[in-house]
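Structure first, then comments.
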Amino acid sequence: MYVKAILAVLLGSQAVNGQLAKLAREAGLEYFGTCIGEGNTNDQTYMNILRNLDEFDQVVPENGQKWDSLQPQQGNFNWGQGDIVANIARQNNQLLRCHTLTWHSQLPGWVRDGNWNRQTLTAVIETHIATVLRHYQGQCYHWDVVNEAADDNGNWRNSVFYRVLGTDFLPISFFAARQADPSTKLYYNDYNLEYNNAKTDITVEMVKIIQRAGAPIDGVGFQGHLIVGSTPSRQALANTLRRFTALGVEVAYTEVDIRHASLPPNQQALVTQGNDYANVVGSCLDVDGCIGFTVWGFTDKYSWIPHTFPGEGDAMLYDSNFGKKPAWTSVSSVLAAAATGGPSPPPTSPPPTNPPPTNPPPTNPPPSGGNCSGMWGQCGGQGWNGPTCCSQGTCQQQNPWYSQCL
Ligand code: G3I
């Protein structure tokens, strides 16, 4: 007991309390993961959290496996950046989502500006995919084979691949991937599919084109780069996911972040962010064939968003000091409810303007022997009217508005 207490202090609360992946598996998902920025791996606090298998049991390289990183010049393959996260995953027993092959962005100039015909560009795609998949053979749980082939208006994106090959670059890429590594699941991956609009329509068409060509496609990745307050409802998201599972492919959320459109967020905005996250996770839990959930980074300390959308951000589950945000609590609660078969928790209640003095968590076991929360259930917090005791585990305060049986 004494040794455990000391260990808990030494490891820090994040390491001890990690549970998103554990709950996700209990709830029936295959994993709960995060991308890893290759440049962040010297940050020990960051690494301690993401190495916690109970928190993240799947990882994806943020940039290292993109074409400009792996084959910057024709025929010159460079594995340094791509191997960073692959090695972390292997050492830590985490699933590796691999990202990405045929994509118009982070594409080296020699491909983007080359003077290709049908035959020569097909050979370039096939060589890249075969070489990369063989290098990572047996390591990738999924590959994002084609990324972002539709533009924001729901038209085919005007990439070198589409200009030279029309839509044939889709089956060409998927055939090449299956041939090179039959053991990995092959995904099409894109953003803004969540809004069920023209872009979603063309993506449904894309899956059909690939299938009609007889090419293998196992899944569609919903990236989930969303905005606080504009995220569709749980039911609407689930309906959109089902448009794809109806085609016989699985779906996954692959790059979720939900950004504030203005900074700093006020407390209500933090609550709305938590509810938006809960809706996205909940939609996956509601759909047979939605198999996993990946966030595009977990801390506000590191994110692509401020570079692309100046003035926006704070989109992650942990703040920039690695504290858990209300959004973390929401995600944890939705997963816990599904894991224990209970009803979904109500929307997150607003945190108090000035958090009240910290009260000790309720003691265990309950004095009355009445209804208590099960493992991972909520057992206290500001505004909480439910059970304040645990039938399993101990009630532990996570923050002033949320205590949980752990
Ligand atoms: O590595 C160079 C460095 O050498 C150079 O000094 C520096 C100067 O700007 O740039 C560095 O490269 C940057 C790279 O991230 C690594 O940090 C690029 O400029 C920057 O554009 C690149 O941004 C990445 C972005 O994809 C590019 O499209 C983000 O980190 C990455 O999070 C983002 O991820 C994409 C997914 O792959 C696909 N879906 C959308 C998602 C968000 O945009």
Side-chain angles (χ1 to χ4, degrees), residues 33-43 46 50 56 58-73 78-86 96-109 111-112 128 132 136 140 142-152 157-161 173 186-195 199-200 203 206 219-227 231 251-261 280 292-318 320:
T34 179
C35 84
I36 300 179
E38 290 79 5
N40 310 336
T41 51
N42 289 330
D43 183 330
Y46 176 87
L50 75 78
F56 299 116
Q58 174 268 309
V59 293
V60 52
E62 184 169 7
N63 286 297
Q65 290 181 326
K66 294 172 179 176
W67 197 315
D68 64 354
S69 170
L70 293 184
Q71 195 187 178
Q73 288 95 33
N78 178 349
W79 308 110
Q81 287 295 303
D83 286 357
I84 292 173
V85 176
L96 181 68
R97 283 199 93 256
C98 291
H99 173 82
T100 181
L101 298 164
T102 306
W103 187 30
H104 70 281
S105 181
Q106 288 173 286
L107 185 65
V111 184
R112 192 186 55 234
H128 184 76
V132 171
Y136 291 106
C140 299
H142 297 167
W143 258 110
D144 287 331
V145 177
V146 177
N147 204 41
E148 301 173 8
D151 72 15
D152 293 347
R157 188 181 290 282
N158 181 14
S159 68
V160 63
F161 303 115
S173 300
L186 308 180
Y187 267 66
Y188 175 75
N189 189 50
D190 213 332
Y191 62 88
N192 285 359
L193 305 182
E194 299 80 15
Y195 298 105
K199 186 164 182 176
T200 319
T203 306
M206 206 178 303
V220 172
F222 279 54
Q223 292 184 6
H225 296 294
L226 297 164
I227 302 171
T231 298
V251 290
Y253 284 105
T254 54
E255 305 183 11
V256 178
D257 45 34
I258 309 184
R259 64 183 183 271
H260 295 280
V280 183
F293 197 91
T294 307
V295 288
W296 204 239
F298 63 91
T299 164
D300 291 334
K301 186 172 181 182
Y302 303 115
S303 170
W304 64 282
I305 292 170
H307 306 286
T308 305
F309 300 104
E312 302 186 34
D314 283 6
M316 308 307 191
L317 298 175
Y318 287 70
S320 51

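Atoms within a ligand are numbered from 1 in the order they appear, just like the ligands themselves.
Taking Tyr302 as the reference, Tyr46 meet the ring-ring contact (aromatic ring centres under 6.0 Å, His included) condition, with sequence neighbours excluded. Not counting sequence neighbours, Asn192 has no partner by the side-chain hydrogen bond (donor to acceptor under 3.5 Å, both in side chains) test.
Considering Trp296, Trp143, Tyr187, Trp67 in turn, Trp296 is the only one that fulfils the ring-ring contact (aromatic ring centres under 6.0 Å, His included) rule with His99.
The closest side-chain donor-acceptor pair between Asp257 and Trp304 falls under 3.5 angstrom.
For ligand 1, the protein residues placed under 4.0 Å by at least one non-hydrogen atom are Glu62, Asn63, Lys66, His99, Trp103, Ser105, Gln106, Asn147, Glu148, Gln223, His225, Glu255, Trp296, Trp304.
With ring centers used as reference points, His225 lies 6.0 Å or more from Tyr191.
Counting only residues at least two apart or on different chains, the salt bridge (Lys or Arg N to Asp or Glu O under 4.0 Å) pairs with a member in residues 304-314 are Arg259-Glu312.
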